[in-house]
**Q** 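Got a structure for you, questions after.
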Amino acid sequence: MANNKKKNQQQYQEFAKQRETKRPLIKNCIRAFLIGGLICTIGQVISTFYIHFFHFTEENVGNPTVATLIFLTMLLTGFGIYDKIAQFAGAGSAVPVTGFGNAVIAAAIEHRTEGFVLGVGGNMFKLAGSVILFGVFSAFIIALVKTILIQWGGL
Amino acid sequence: MLTGQRSWKFNNKPVIVSTGTTGGPFEAEGNISKDIDLLHNDLYMGEDSFEKAHKILLEKAGQKAIEKAGISKEQIQFYLAGDLINQITPTSFSAKTLGIPYLGLFGACSTSMEGLALSAYLINSQGADYILTGASSHNAAVEKQFRYPTEYGGQKPPTAQWTVTGAGTALLSHSGDGPVVTSATIGKVIDLGLNDPFNMGGAMAPAAVDTIEAHFSDLGVDASYYDLIITGDLGQIGQQVSLDLLKQHGVQMEESKYVDCGLTIYNKDQQVNAGASGAGCSAVVTYGHFLNRMKKGEFNRILVVATGALLSPLTTQQKESIPCIAHAVSIEAGGDRQ
(Lines give C-alpha, C1' and ligand atoms only; values in the text may rest on other atoms or scores of the structure.)
Protein backbone atom coordinates (compact mmCIF):
# COMPACT_ATOMS: atom_id res chain seq x y z
CA MET A 1 0.00 0.00 0.00
CA ALA A 2 2.69 2.46 1.08
CA ASN A 3 4.82 1.33 -1.81
CA ASN A 4 1.97 1.84 -4.21
CA LYS A 5 1.45 5.36 -2.90
CA LYS A 6 5.10 6.18 -3.40
CA LYS A 7 5.00 4.85 -6.94
CA ASN A 8 1.95 6.97 -7.60
CA GLN A 9 3.74 10.05 -6.34
CA GLN A 10 6.81 9.37 -8.45
CA GLN A 11 4.70 8.85 -11.51
CA TYR A 12 2.93 12.14 -10.95
CA GLN A 13 6.14 14.02 -10.28
CA GLU A 14 7.48 12.77 -13.58
CA PHE A 15 4.18 13.69 -15.27
CA ALA A 16 4.20 17.21 -13.81
CA LYS A 17 7.86 17.77 -14.55
CA GLN A 18 7.32 17.20 -18.26
CA ARG A 19 4.77 20.01 -18.29
CA GLU A 20 6.74 22.49 -16.23
CA THR A 21 8.15 25.60 -17.87
CA LYS A 22 11.89 25.37 -17.42
CA ARG A 23 13.99 28.29 -16.29
CA PRO A 24 15.60 29.75 -19.43
CA LEU A 25 19.14 28.94 -18.27
CA ILE A 26 21.18 30.32 -21.14
CA LYS A 27 19.12 33.50 -21.39
CA ASN A 28 19.42 33.97 -17.63
CA CYS A 29 23.20 33.47 -17.78
CA ILE A 30 23.62 36.04 -20.56
CA ARG A 31 21.44 38.57 -18.74
CA ALA A 32 23.28 37.96 -15.46
CA PHE A 33 26.62 38.43 -17.25
CA LEU A 34 25.55 41.69 -18.89
CA ILE A 35 23.87 43.33 -15.88
CA GLY A 36 26.46 42.00 -13.43
CA GLY A 37 29.15 43.39 -15.71
CA LEU A 38 27.33 46.70 -15.99
CA ILE A 39 27.14 47.05 -12.20
CA CYS A 40 30.87 46.32 -11.93
CA THR A 41 31.60 48.88 -14.67
CA ILE A 42 29.63 51.49 -12.74
CA GLY A 43 31.69 50.55 -9.67
CA GLN A 44 34.89 50.99 -11.67
CA VAL A 45 33.79 54.42 -12.91
CA ILE A 46 33.05 55.48 -9.31
CA SER A 47 36.47 54.18 -8.18
CA THR A 48 38.27 56.05 -10.95
CA PHE A 49 36.30 59.18 -10.10
CA TYR A 50 37.37 59.01 -6.43
CA ILE A 51 41.00 58.34 -7.33
CA HIS A 52 41.13 61.28 -9.73
CA PHE A 53 39.18 63.88 -7.80
CA PHE A 54 39.48 62.92 -4.14
CA HIS A 55 43.04 61.59 -3.94
CA PHE A 56 42.15 58.05 -2.97
CA THR A 57 44.61 55.31 -3.81
CA GLU A 58 43.82 52.00 -5.44
CA GLU A 59 44.19 50.30 -2.02
CA ASN A 60 41.67 52.41 -0.12
CA VAL A 61 39.18 53.40 -2.83
CA GLY A 62 37.15 50.24 -2.16
CA ASN A 63 35.37 51.62 0.90
CA PRO A 64 33.88 54.80 -0.59
CA THR A 65 33.00 52.92 -3.79
CA VAL A 66 31.05 50.25 -1.92
CA ALA A 67 29.36 52.91 0.20
CA THR A 68 28.29 54.79 -2.94
CA LEU A 69 26.97 51.64 -4.63
CA ILE A 70 24.99 50.73 -1.52
CA PHE A 71 23.61 54.25 -1.34
CA LEU A 72 22.42 53.96 -4.95
CA THR A 73 20.94 50.53 -4.15
CA MET A 74 19.09 52.04 -1.23
CA LEU A 75 17.43 54.57 -3.53
CA LEU A 76 16.59 51.95 -6.16
CA THR A 77 15.19 49.57 -3.51
CA GLY A 78 13.18 52.28 -1.79
CA PHE A 79 11.63 53.44 -5.04
CA GLY A 80 10.73 49.86 -5.95
CA ILE A 81 13.04 49.55 -8.96
CA TYR A 82 15.67 47.10 -7.75
CA ASP A 83 13.35 44.09 -7.61
CA LYS A 84 12.35 44.73 -11.22
CA ILE A 85 15.96 44.88 -12.31
CA ALA A 86 16.55 41.65 -10.37
CA GLN A 87 13.71 39.79 -12.10
CA PHE A 88 15.50 40.55 -15.36
CA ALA A 89 19.10 40.15 -14.20
CA GLY A 90 18.89 37.27 -11.68
CA ALA A 91 22.35 36.49 -10.34
CA GLY A 92 23.69 39.57 -12.14
CA SER A 93 22.12 41.86 -9.57
CA ALA A 94 22.24 39.41 -6.63
CA VAL A 95 25.96 38.61 -6.56
CA PRO A 96 27.52 42.12 -6.53
CA VAL A 97 27.53 44.09 -3.27
CA THR A 98 24.35 45.83 -4.45
CA GLY A 99 22.48 42.54 -4.06
CA PHE A 100 23.66 42.25 -0.48
CA GLY A 101 22.61 45.84 0.15
CA ASN A 102 19.22 45.20 -1.38
CA ALA A 103 18.64 42.16 0.87
CA VAL A 104 19.36 44.24 3.99
CA ILE A 105 17.45 47.34 2.88
CA ALA A 106 14.38 45.45 1.63
CA ALA A 107 14.07 43.61 4.95
CA ALA A 108 14.51 46.86 6.90
CA ILE A 109 11.75 48.59 4.90
CA GLU A 110 9.46 45.58 5.14
CA HIS A 111 9.61 45.26 8.91
CA ARG A 112 9.40 48.97 9.70
CA THR A 113 5.73 48.44 10.62
CA GLU A 114 6.71 46.24 13.59
CA GLY A 115 8.80 48.99 15.18
CA PHE A 116 12.49 49.91 15.14
CA VAL A 117 13.88 47.45 17.67
CA LEU A 118 11.95 44.23 17.12
CA GLY A 119 10.95 45.06 13.54
CA VAL A 120 13.85 46.71 11.74
CA GLY A 121 16.56 45.62 14.19
CA GLY A 122 15.38 42.06 14.52
CA ASN A 123 14.70 41.40 10.86
CA MET A 124 17.20 43.52 8.93
CA PHE A 125 19.66 40.67 8.57
CA LYS A 126 17.17 37.87 8.15
CA LEU A 127 18.26 37.35 4.53
CA ALA A 128 21.77 38.80 4.67
CA GLY A 129 22.63 37.22 8.03
CA SER A 130 23.57 33.89 6.53
CA VAL A 131 25.76 35.65 3.94
CA ILE A 132 27.68 37.27 6.78
CA LEU A 133 27.88 34.09 8.85
CA PHE A 134 29.06 31.81 6.08
CA GLY A 135 31.25 34.53 4.55
CA VAL A 136 33.14 34.96 7.81
CA PHE A 137 33.22 31.23 8.44
CA SER A 138 34.63 30.37 5.02
CA ALA A 139 37.20 33.17 5.35
CA PHE A 140 38.25 31.58 8.64
CA ILE A 141 38.63 28.15 7.03
CA ILE A 142 40.66 29.56 4.13
CA ALA A 143 42.89 31.50 6.53
CA LEU A 144 43.42 28.32 8.55
CA VAL A 145 44.40 26.36 5.44
CA LYS A 146 46.77 29.12 4.35
CA THR A 147 48.40 29.31 7.80
CA ILE A 148 48.89 25.56 7.93
CA LEU A 149 50.39 25.48 4.46
CA ILE A 150 52.81 28.33 5.25
CA GLN A 151 53.84 27.01 8.66
CA TRP A 152 54.25 23.35 7.72
CA GLY A 153 54.33 23.27 3.99
CA GLY A 154 57.01 25.90 3.72
CA LEU A 155 55.26 27.79 0.91
CA MET B 1 -28.76 17.07 1.19
CA LEU B 2 -25.91 14.59 0.97
CA THR B 3 -25.52 13.23 -2.52
CA GLY B 4 -22.97 10.53 -3.24
CA GLN B 5 -19.78 10.44 -1.21
CA ARG B 6 -19.03 14.06 -0.45
CA SER B 7 -21.40 16.37 -2.26
CA TRP B 8 -24.38 18.42 -1.22
CA LYS B 9 -27.35 19.17 -3.41
CA PHE B 10 -29.18 22.34 -2.46
CA ASN B 11 -32.86 21.74 -3.20
CA ASN B 12 -33.99 25.10 -1.79
CA LYS B 13 -31.69 26.92 -4.23
CA PRO B 14 -29.84 29.49 -2.09
CA VAL B 15 -29.54 32.74 -4.03
CA ILE B 16 -26.46 34.92 -4.37
CA VAL B 17 -28.36 38.20 -3.96
CA SER B 18 -25.34 40.44 -4.34
CA THR B 19 -21.55 40.43 -4.53
CA GLY B 20 -18.84 42.90 -3.64
CA THR B 21 -15.30 42.98 -5.02
CA THR B 22 -12.25 45.13 -4.39
CA GLY B 23 -8.81 45.24 -5.96
CA GLY B 24 -5.46 46.98 -5.88
CA PRO B 25 -3.55 49.09 -8.42
CA PHE B 26 -2.16 46.12 -10.34
CA GLU B 27 -5.65 44.62 -10.71
CA ALA B 28 -6.88 48.01 -11.95
CA GLU B 29 -4.59 47.62 -14.97
CA GLY B 30 -5.77 44.06 -15.50
CA ASN B 31 -8.19 42.28 -17.72
CA ILE B 32 -11.31 42.45 -15.57
CA SER B 33 -10.96 45.84 -13.86
CA LYS B 34 -14.47 46.76 -15.08
CA ASP B 35 -15.91 43.90 -13.03
CA ILE B 36 -14.31 45.05 -9.77
CA ASP B 37 -16.53 47.35 -7.69
CA LEU B 38 -13.83 49.26 -5.89
CA LEU B 39 -10.23 49.70 -7.04
CA HIS B 40 -7.56 51.19 -4.80
CA ASN B 41 -4.77 53.10 -6.50
CA ASP B 42 -2.33 52.56 -3.65
CA LEU B 43 -1.18 49.25 -2.16
CA TYR B 44 -1.36 50.78 1.33
CA MET B 45 -4.98 51.94 0.82
CA GLY B 46 -4.47 54.82 3.21
CA GLU B 47 -3.24 52.57 6.00
CA ASP B 48 0.25 52.37 7.45
CA SER B 49 0.89 48.67 6.83
CA PHE B 50 0.08 46.08 4.19
CA GLU B 51 -1.71 43.93 6.77
CA LYS B 52 -4.04 46.79 7.66
CA ALA B 53 -4.64 47.44 3.96
CA HIS B 54 -5.51 43.74 3.61
CA LYS B 55 -8.23 44.18 6.23
CA ILE B 56 -9.63 47.21 4.34
CA LEU B 57 -9.91 45.16 1.14
CA LEU B 58 -12.25 42.61 2.70
CA GLU B 59 -14.13 45.13 4.80
CA LYS B 60 -14.96 47.26 1.76
CA ALA B 61 -15.93 44.24 -0.33
CA GLY B 62 -18.31 43.11 2.41
CA GLN B 63 -19.82 46.58 2.79
CA LYS B 64 -20.26 46.80 -0.98
CA ALA B 65 -22.20 43.53 -1.11
CA ILE B 66 -24.44 44.64 1.76
CA GLU B 67 -25.01 48.03 0.14
CA LYS B 68 -25.89 46.47 -3.25
CA ALA B 69 -28.41 44.13 -1.61
CA GLY B 70 -30.07 47.10 0.04
CA ILE B 71 -30.26 45.51 3.48
CA SER B 72 -28.72 46.48 6.80
CA LYS B 73 -25.88 44.46 8.27
CA GLU B 74 -28.02 43.60 11.30
CA GLN B 75 -30.14 41.43 9.02
CA ILE B 76 -27.17 39.18 8.27
CA GLN B 77 -26.81 36.24 10.63
CA PHE B 78 -23.35 34.93 9.78
CA TYR B 79 -20.11 35.96 8.17
CA LEU B 80 -17.89 33.15 6.83
CA ALA B 81 -14.55 34.27 5.45
CA GLY B 82 -10.82 33.74 5.45
CA ASP B 83 -7.44 34.72 4.02
CA LEU B 84 -3.83 33.55 3.89
CA ILE B 85 -2.21 35.54 6.68
CA ASN B 86 -1.21 33.85 9.96
CA GLN B 87 -4.27 33.25 12.16
CA ILE B 88 -6.40 34.91 9.41
CA THR B 89 -6.17 38.22 11.27
CA PRO B 90 -7.21 40.51 8.37
CA THR B 91 -10.52 38.63 8.16
CA SER B 92 -11.05 38.67 11.91
CA PHE B 93 -10.42 42.42 12.02
CA SER B 94 -12.88 42.92 9.18
CA ALA B 95 -15.41 40.87 11.17
CA LYS B 96 -14.88 43.24 14.07
CA THR B 97 -15.76 46.21 11.87
CA LEU B 98 -18.72 44.51 10.23
CA GLY B 99 -20.04 43.28 13.58
CA ILE B 100 -21.68 40.16 12.12
CA PRO B 101 -21.44 36.79 13.97
CA TYR B 102 -18.37 35.26 12.43
CA LEU B 103 -16.85 31.90 11.54
CA GLY B 104 -13.25 32.15 10.35
CA LEU B 105 -12.20 29.77 7.58
CA PHE B 106 -8.86 28.62 6.30
CA GLY B 107 -8.58 26.77 3.03
CA ALA B 108 -5.75 28.83 1.53
CA CYS B 109 -6.79 29.82 -2.00
CA SER B 110 -9.81 27.48 -1.85
CA THR B 111 -11.38 29.53 0.96
CA SER B 112 -13.80 31.31 -1.39
CA MET B 113 -15.61 28.11 -2.39
CA GLU B 114 -15.28 26.57 1.08
CA GLY B 115 -17.18 29.61 2.34
CA LEU B 116 -19.74 29.53 -0.47
CA ALA B 117 -20.42 25.80 0.00
CA LEU B 118 -20.91 26.17 3.77
CA SER B 119 -23.03 29.29 3.40
CA ALA B 120 -25.25 27.64 0.81
CA TYR B 121 -25.64 24.64 3.11
CA LEU B 122 -26.66 26.84 6.04
CA ILE B 123 -29.14 28.83 3.95
CA ASN B 124 -30.50 25.67 2.35
CA SER B 125 -31.24 24.12 5.74
CA GLN B 126 -32.91 27.32 7.03
CA GLY B 127 -29.99 28.05 9.34
CA ALA B 128 -29.98 31.71 8.36
CA ASP B 129 -31.78 34.36 6.33
CA TYR B 130 -28.65 36.09 5.10
CA ILE B 131 -25.02 34.99 5.10
CA LEU B 132 -22.02 36.98 3.95
CA THR B 133 -19.06 34.95 2.69
CA GLY B 134 -15.77 35.94 1.15
CA ALA B 135 -12.03 35.61 0.79
CA SER B 136 -9.18 38.02 0.24
CA SER B 137 -5.45 38.32 -0.26
CA HIS B 138 -2.96 41.19 -0.45
CA ASN B 139 0.08 40.73 -2.64
CA ALA B 140 2.63 42.45 -0.40
CA ALA B 141 1.30 41.04 2.89
CA VAL B 142 1.29 37.50 1.50
CA GLU B 143 4.73 37.86 -0.14
CA LYS B 144 6.11 39.10 3.17
CA GLN B 145 4.83 36.08 5.03
CA PHE B 146 5.41 33.34 2.48
CA ARG B 147 8.39 34.55 0.48
CA TYR B 148 10.75 37.50 0.69
CA PRO B 149 10.39 41.20 1.56
CA THR B 150 8.46 43.03 -1.16
CA GLU B 151 11.42 45.01 -2.46
CA TYR B 152 13.90 42.12 -2.31
CA GLY B 153 15.40 41.37 -5.70
CA GLY B 154 15.01 37.64 -6.10
CA GLN B 155 14.43 36.25 -9.56
CA LYS B 156 11.23 34.22 -9.79
CA PRO B 157 11.07 31.19 -12.06
CA PRO B 158 8.51 31.02 -14.90
CA THR B 159 6.39 28.60 -12.81
CA ALA B 160 5.84 31.17 -10.04
CA GLN B 161 2.48 32.89 -9.63
CA TRP B 162 1.48 36.42 -8.64
CA THR B 163 -0.66 36.86 -5.53
CA VAL B 164 -3.77 38.91 -6.23
CA THR B 165 -4.52 42.01 -4.18
CA GLY B 166 -8.25 41.83 -3.84
CA ALA B 167 -11.29 40.58 -2.04
CA GLY B 168 -14.57 39.11 -3.18
CA THR B 169 -17.68 38.60 -1.12
CA ALA B 170 -21.11 37.16 -1.82
CA LEU B 171 -24.31 37.68 0.10
CA LEU B 172 -26.58 34.64 0.15
CA SER B 173 -30.24 34.34 1.00
CA HIS B 174 -33.09 31.86 0.57
CA SER B 175 -35.00 34.14 -1.75
CA GLY B 176 -34.38 37.04 -4.07
CA ASP B 177 -33.00 37.64 -7.52
CA GLY B 178 -29.65 36.33 -8.57
CA PRO B 179 -27.67 33.25 -9.49
CA VAL B 180 -28.47 30.19 -7.40
CA VAL B 181 -26.09 27.74 -5.79
CA THR B 182 -27.17 24.23 -6.73
CA SER B 183 -24.54 21.85 -5.39
CA ALA B 184 -21.12 21.60 -3.81
CA THR B 185 -18.39 18.99 -3.51
CA ILE B 186 -15.90 19.07 -0.66
CA GLY B 187 -12.30 18.22 -1.51
CA LYS B 188 -9.84 15.83 0.05
CA VAL B 189 -6.27 16.82 0.84
CA ILE B 190 -4.18 15.52 -2.01
CA ASP B 191 -0.40 15.51 -1.81
CA LEU B 192 1.60 13.91 -4.57
CA GLY B 193 4.94 14.94 -3.18
CA LEU B 194 5.67 18.15 -5.05
CA ASN B 195 7.56 20.56 -2.81
CA ASP B 196 8.43 23.59 -4.90
CA PRO B 197 6.53 26.60 -3.52
CA PHE B 198 7.29 28.37 -6.80
CA ASN B 199 5.22 25.82 -8.68
CA MET B 200 1.93 25.64 -6.84
CA GLY B 201 -0.13 25.08 -9.98
CA GLY B 202 1.59 21.77 -10.57
CA ALA B 203 1.07 20.75 -6.95
CA MET B 204 -2.62 21.73 -6.91
CA ALA B 205 -3.64 20.18 -10.24
CA PRO B 206 -4.29 16.65 -8.85
CA ALA B 207 -6.51 18.11 -6.11
CA ALA B 208 -8.61 19.91 -8.73
CA VAL B 209 -8.86 16.73 -10.81
CA ASP B 210 -9.86 14.67 -7.77
CA THR B 211 -12.65 17.07 -6.80
CA ILE B 212 -13.95 17.43 -10.38
CA GLU B 213 -14.12 13.64 -10.77
CA ALA B 214 -15.83 13.25 -7.39
CA HIS B 215 -18.33 15.95 -8.31
CA PHE B 216 -19.20 14.29 -11.61
CA SER B 217 -19.64 10.85 -10.08
CA ASP B 218 -21.56 12.08 -6.98
CA LEU B 219 -24.05 14.05 -9.03
CA GLY B 220 -24.13 11.75 -12.02
CA VAL B 221 -23.20 14.45 -14.52
CA ASP B 222 -20.27 15.05 -16.86
CA ALA B 223 -18.43 18.07 -18.17
CA SER B 224 -21.05 18.69 -20.85
CA TYR B 225 -23.57 19.55 -18.10
CA TYR B 226 -21.68 22.79 -17.44
CA ASP B 227 -21.12 25.74 -19.73
CA LEU B 228 -17.89 26.60 -17.96
CA ILE B 229 -15.66 24.81 -15.49
CA ILE B 230 -13.65 27.43 -13.65
CA THR B 231 -10.59 26.54 -11.62
CA GLY B 232 -9.28 28.88 -8.94
CA ASP B 233 -5.60 29.55 -9.47
CA LEU B 234 -3.94 26.68 -11.28
CA GLY B 235 -2.12 29.02 -13.65
CA GLN B 236 -0.64 27.95 -16.96
CA ILE B 237 1.19 24.92 -15.64
CA GLY B 238 -1.50 23.63 -13.33
CA GLN B 239 -4.15 24.05 -16.01
CA GLN B 240 -2.18 22.06 -18.56
CA VAL B 241 -1.28 19.36 -16.04
CA SER B 242 -4.87 19.01 -14.84
CA LEU B 243 -6.24 18.86 -18.38
CA ASP B 244 -3.80 16.11 -19.26
CA LEU B 245 -4.60 14.27 -16.02
CA LEU B 246 -8.33 14.42 -16.76
CA LYS B 247 -7.65 13.10 -20.23
CA GLN B 248 -5.53 10.31 -18.78
CA HIS B 249 -8.36 9.39 -16.40
CA GLY B 250 -10.78 9.28 -19.32
CA VAL B 251 -12.77 12.41 -18.42
CA GLN B 252 -13.99 14.33 -21.46
CA MET B 253 -13.30 18.02 -21.12
CA GLU B 254 -13.41 20.63 -23.83
CA GLU B 255 -10.42 22.91 -23.49
CA SER B 256 -12.45 25.97 -24.47
CA LYS B 257 -14.72 25.69 -21.45
CA TYR B 258 -12.03 24.87 -18.93
CA VAL B 259 -10.94 28.29 -17.69
CA ASP B 260 -8.83 29.48 -14.79
CA CYS B 261 -9.35 32.56 -12.61
CA GLY B 262 -5.58 32.94 -12.32
CA LEU B 263 -5.33 33.27 -16.10
CA THR B 264 -8.33 35.62 -16.39
CA ILE B 265 -7.59 38.46 -14.00
CA TYR B 266 -4.51 39.98 -15.64
CA ASN B 267 -3.82 40.89 -19.24
CA LYS B 268 -1.05 39.46 -21.33
CA ASP B 269 1.30 42.42 -20.89
CA GLN B 270 1.38 42.10 -17.12
CA GLN B 271 4.35 40.00 -16.10
CA VAL B 272 3.01 37.46 -13.67
CA ASN B 273 4.91 34.37 -14.86
CA ALA B 274 2.50 31.40 -14.74
CA GLY B 275 -0.57 33.42 -13.70
CA ALA B 276 -2.30 34.77 -10.62
CA SER B 277 -2.96 33.08 -7.30
CA GLY B 278 -4.08 33.89 -3.79
CA ALA B 279 -7.27 33.55 -1.78
CA GLY B 280 -8.61 36.71 -3.39
CA CYS B 281 -8.07 35.41 -6.91
CA SER B 282 -10.98 32.99 -7.24
CA ALA B 283 -13.18 35.25 -5.08
CA VAL B 284 -12.71 38.40 -7.18
CA VAL B 285 -12.86 36.67 -10.54
CA THR B 286 -15.87 34.46 -9.71
CA TYR B 287 -17.95 37.01 -7.79
CA GLY B 288 -16.97 39.85 -10.07
CA HIS B 289 -16.24 38.73 -13.59
CA PHE B 290 -17.98 35.36 -14.05
CA LEU B 291 -21.20 36.17 -12.18
CA ASN B 292 -21.49 39.41 -14.18
CA ARG B 293 -21.16 37.45 -17.39
CA MET B 294 -23.73 34.97 -16.14
CA LYS B 295 -26.14 37.83 -15.46
CA LYS B 296 -25.64 39.01 -19.03
CA GLY B 297 -26.76 35.59 -20.15
CA GLU B 298 -23.46 34.38 -21.60
CA PHE B 299 -23.83 31.07 -19.80
CA ASN B 300 -26.23 29.26 -17.49
CA ARG B 301 -24.33 26.71 -15.47
CA ILE B 302 -20.84 26.98 -14.07
CA LEU B 303 -18.77 24.83 -11.76
CA VAL B 304 -16.20 26.76 -9.75
CA VAL B 305 -13.34 24.64 -8.44
CA ALA B 306 -11.22 26.76 -6.09
CA THR B 307 -7.83 25.19 -5.45
CA GLY B 308 -5.69 25.76 -2.40
CA ALA B 309 -2.14 24.90 -1.38
CA LEU B 310 -2.15 24.31 2.37
CA LEU B 311 1.51 24.97 2.99
CA SER B 312 3.29 27.32 5.35
CA PRO B 313 6.81 28.81 5.06
CA LEU B 314 7.80 26.54 7.95
CA THR B 315 6.68 23.31 6.30
CA THR B 316 8.49 24.33 3.10
CA GLN B 317 11.74 24.95 4.96
CA GLN B 318 11.36 21.64 6.76
CA LYS B 319 11.24 20.02 3.30
CA GLU B 320 7.63 18.89 3.55
CA SER B 321 5.67 18.48 0.36
CA ILE B 322 2.66 20.69 -0.42
CA PRO B 323 -0.75 19.37 0.69
CA CYS B 324 -3.44 20.65 -1.68
CA ILE B 325 -7.21 20.83 -1.70
CA ALA B 326 -10.02 21.90 -4.02
CA HIS B 327 -13.68 22.60 -3.33
CA ALA B 328 -16.26 22.75 -6.12
CA VAL B 329 -19.50 24.72 -6.13
CA SER B 330 -21.97 24.81 -8.99
CA ILE B 331 -23.84 28.01 -9.70
CA GLU B 332 -26.77 28.38 -12.08
CA ALA B 333 -28.36 31.45 -13.54
CA GLY B 334 -31.32 32.72 -11.53
CA GLY B 335 -34.11 35.22 -11.93
CA ASP B 336 -32.08 38.30 -12.74
CA ARG B 337 -31.00 37.51 -16.28
CA GLN B 338 -31.03 40.45 -18.62
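Chain letters run A, B, ... following the sequence lines, proteins first and then strands; every chain starts at 1.
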**Q** What part of Phe88(A) is in contact with chain B, defined as an atom under 4.5 angstrom from a non-hydrogen atom: side chain, backbone, both or neither?
**A**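 Contact with chain B is through the backbone of Phe88(A) alone.
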
**Q** Look at atom CG of Leu118(A) and say whether more than 12 heavy atoms of other residues, nucleotides or ligands are closer to it than 6.0 Å.
**A**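 No - once you tally the heavy atoms of other residues, nucleotides and ligands closer than 6.0 Å, there are 12 at most.
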
**Q** Enumerate the inter-chain donor-acceptor pairs under 3.5 Å for chain A and chain B, one line per pair.
**A**
{"unit_1": "Gln9(A)", "atom_1": "NE2", "unit_2": "Asp191(B)", "atom_2": "O", "d": "3.2"}
{"unit_1": "Tyr12(A)", "atom_1": "OH", "unit_2": "Gly202(B)", "atom_2": "O", "d": "2.4"}
{"unit_1": "Gln13(A)", "atom_1": "NE2", "unit_2": "Leu192(B)", "atom_2": "O", "d": "2.9"}
{"unit_1": "Gln13(A)", "atom_1": "NE2", "unit_2": "Gly193(B)", "atom_2": "O", "d": "3.2"}
{"unit_1": "Arg19(A)", "atom_1": "NE", "unit_2": "Asp244(B)", "atom_2": "OD2", "d": "2.4"}
{"unit_1": "Arg19(A)", "atom_1": "NH2", "unit_2": "Asp244(B)", "atom_2": "OD2", "d": "3.4"}
{"unit_1": "Glu20(A)", "atom_1": "OE1", "unit_2": "Asn199(B)", "atom_2": "ND2", "d": "3.0"}
{"unit_1": "Gln87(A)", "atom_1": "O", "unit_2": "Gln155(B)", "atom_2": "NE2", "d": "3.0"}
{"unit_1": "Gln87(A)", "atom_1": "OE1", "unit_2": "Lys156(B)", "atom_2": "N", "d": "2.8"}
{"unit_1": "Gln87(A)", "atom_1": "NE2", "unit_2": "Lys156(B)", "atom_2": "O", "d": "3.1"}
{"unit_1": "Asn102(A)", "atom_1": "OD1", "unit_2": "Gly153(B)", "atom_2": "N", "d": "2.7"}
{"unit_1": "Asn102(A)", "atom_1": "ND2", "unit_2": "Glu151(B)", "atom_2": "O", "d": "3.1"}
{"unit_1": "Glu110(A)", "atom_1": "O", "unit_2": "Lys144(B)", "atom_2": "NZ", "d": "3.3"}
{"unit_1": "Glu110(A)", "atom_1": "OE1", "unit_2": "Thr150(B)", "atom_2": "N", "d": "3.1"}
{"unit_1": "Glu110(A)", "atom_1": "OE1", "unit_2": "Thr150(B)", "atom_2": "OG1", "d": "2.5"}
{"unit_1": "Glu110(A)", "atom_1": "OE2", "unit_2": "Thr150(B)", "atom_2": "N", "d": "3.4"}
{"unit_1": "Glu110(A)", "atom_1": "OE2", "unit_2": "Thr150(B)", "atom_2": "OG1", "d": "3.2"}
{"unit_1": "Glu114(A)", "atom_1": "OE2", "unit_2": "Lys144(B)", "atom_2": "NZ", "d": "2.8"}

**Q** Who wins among Gly202(B), Gly153(B), Ala203(B) for the most heavy-atom pairs under 4.5 Å with chain A?
**A**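 Greatest number of close heavy-atom pairs with chain A: Gly153(B).
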
**Q** Only pairs of heavy atoms separated by less than 4.5 Å count here; which of Pro206(B), Gly238(B), Gly201(B) has the most with chain A?
**A**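 The answer is Pro206(B).
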
**Q** What residues of residues 32-64 of chain A sit under 4.5 Å from chain B when you count only heavy atoms?
**A**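 None at all.
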
**Q** Tell me, side chain or backbone of Ala274(B) under 4.5 Å from chain A's heavy atoms, or both, or neither?
**A**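 For Ala274(B), there is no contact with chain A at all, as no heavy atom is under 4.5 Å.
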
**Q** Count the heavy-atom pairs under 4.5 Å between each of Ala16(A), Pro24(A), Gly90(A) and chain B, then report the option with the highest count.
**A**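 Option with the top pair count is Gly90(A).
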
**Q** Taking all non-hydrogen atoms of both residues into account, name the closest pair between Ala106(A) and Pro149(B) and its distance.
**A**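 So the two residues come closest at O-CB, 3.6 Å.
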
**Q** Return yes when atom CD1 of Ile26(A) has more than 12 non-hydrogen atoms of other residues, nucleotides or ligands closer than 6.0 Å, and no otherwise.
**A**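 Atom CD1 in Ile26(A) is not packed in, count stays at 12 or less.
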
**Q** Taking atom CZ as the centre, does Phe93(B) end up with more than 12 heavy-atom neighbours from other residues, nucleotides or ligands that are less than 6.0 angstrom away?
**A**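 At most 12 heavy atoms, drawn from other residues, nucleotides or ligands, come within 6.0 Å of this atom.
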
